[in-house]
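A short worksheet on the structure shown next.
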Amino acid sequence: MDVVFMAHPAQDDAAFLPDVAVHDVTVKYYGKASHAAAYPWEGINALDAAILAYNNISVLRQQMKPSWRVHGVIKHGGVKPNIIPSYSELEFYLRAPSRKDLAELQEKASACFHAAATSTGCKVELCSLTHDYYNVLPNKTLAKAYTENGKQLGMQFTSNEQVLNAVR
C-alpha cells in the first residue's frame, strides 16, 4: 500500500495531523474477598493492586520520553467498603510516535502492572480489546495537493505548526 487517506473529525481543518502508535490494555487483578472488619488478614485486596498499578504508571512518567502518553482509569474497584475486593479492573491507552517506541512503552507498563500483582499477592491478566494502531507516516505531496484543492473549495487550514503545538 502506497497511500492511506484518512479523515478524522476535528474542530479545524488540517492537511497533516500527527498520528501516533496506540495500544490499549485492560488490566484485571484477581484476589480473595474477605470481610474487612472481621477477617481482613484472609483477604487479598485486588483494589490495592489496581491502586499500586495506577501509581506505578504515574511514577513511570518521570522516565518516559516527552512524546509518550499513558492514559488510564480504574473501571472496577469493589462492591462494598466492608468487603476486601477480590476483583479490580483498569483500562489504559499507551501512545508513542513509533511502533518501536510503543513496544518499549508496553514493556515498561507491563512491568508496572506485574509489580502491583507481585506486591499484593494478586493474579494479573493483561488483555487488549482491539488491535494496535500503528503510526501513520505523513505524505507531504498528498498533503499539499489536499490543501490546494481544499482551499479552492473554501476550506481554511490550520498550519502544521499550530497542529504540532496543540498536541505537545
### Message
Who clusters with Val73? Use side-chain heavy atoms, under 4.5 angstrom, across I, L, V, M, F, W and Y, and order the result by chain and number.
### Response
none
### Task
State the OG-CG distance between Ser110 and Leu105, to the nearest 0.5 angstrom.
11.0 Å
### Query
Looking at side-chain heavy atoms only, is the closest gap between Tyr30 and Ser88 below 4.5 Å?
no
### Query
Nearest heavy-atom pair of Pro40 and Ile84: which atoms, and what distance?
O-CD1, 3.4 Å
### Message
Nearest 0.5 Å, please: how far is OG in Ser98 from NZ in Lys65?
### Response
7.0 Å
### Query
At what distance, to the nearest 0.5 angstrom, does CD1 of Ile44 lie from OG1 of Thr120?
8.0 Å
### Task
Could you tell me whether the side chain of Ser128 and the main chain of Asp24 form a donor-acceptor pair under 3.5 Å?
yes
### Query
Taking the side chain as C-beta and beyond, is there a heavy-atom pair between Glu104 and Lys100 under 4.5 Å?
no
#### Entry: Closest approach of Cys122 to Ala46 (non-hydrogen atoms, all atoms of both residues)
SG-CA, 3.7 Å
## Note on the structure
To the nearest 0.5 Å, atom CE of Met64 lies from atom CD1 of Ile57 at 8.0 Å
### Task
Would you mind reporting whether His114 and Leu126 have side-chain heavy atoms less than 4.5 Å apart?
yes
### Message
So, taking the atom named NZ in Lys28 and the one named CG in Leu90, what distance separates them when rounded to the nearest 0.5 Å?
### Response
11.5 Å
### Query
Got Glu89 and Thr26 here, is their nearest side-chain heavy-atom distance under 4.5 Å?
yes
### Query
Do any N or O atoms from the side chain of Arg99 and from the backbone of Ala96 form a donor-acceptor pair under 3.5 angstrom?
no
### Task
Report yes if the side chains of Pro85 and Asn45 come closer than 4.5 Å at any heavy-atom pair, otherwise no.
yes
### Heavy-atom side-chain proximity of Val25 to Phe113 below 4.5 angstrom
yes
### Task
Examine Tyr29 together with Tyr87 and report whether their ring centres are nearer than 6.0 Å.
no
### Query
Linking I/L/V/M/F/W/Y whenever their side-chain heavy atoms sit closer than 4.5 Å, directly or via other members, would Phe92 and Val20 fall into one cluster?
no
#### Entry: Hphob cluster co-occupancy, Leu94 + Trp68, side-chain heavy atoms under 4.5 angstrom
yes
### Query
Any link between Val27 and Leu102 through a network of hydrophobic side chains (Ile, Leu, Val, Met, Phe, Trp, Tyr) touching at under 4.5 Å?
yes
#### Entry: Any residue meeting side-chain hydrogen bond (donor to acceptor under 3.5 Å, both in side chains) with His71, in chain and number order, not counting sequence neighbours
Arg95
### With Tyr54 via ring-ring contact (aromatic ring centres under 6.0 Å, His included) - residues at least two apart
none
### Task
Looking only at non-hydrogen atoms, find the nearest pair between Ser34 and Glu42 and report the distance.
OG-CB, 3.7 Å
### Query
Heavy atoms, side chains only, cut-off 4.5 Å: are Ile51 and Ile74 in contact?
yes
### Task
Give a yes or no on this: more than 12 heavy atoms of other residues, nucleotides or ligands lie within 6.0 Å of atom CD of Gln156.
no
## Note on the structure
Taken to the nearest 0.5 Å, the spacing of Arg69 CZ from Arg61 CZ works out to 10.0 Å
### Parallel, tilted or perpendicular, as decided by the 30° and 60° cut-offs, for the rings of Tyr146 and Phe157
perpendicular
### Task
Please report the closest heavy-atom contact between Leu52 and Ala116, naming both atoms and the distance.
CB-CB, 3.8 Å
### Query
Any side-chain heavy-atom pair from Leu60 and Val70 closer than 4.5 angstrom?
no
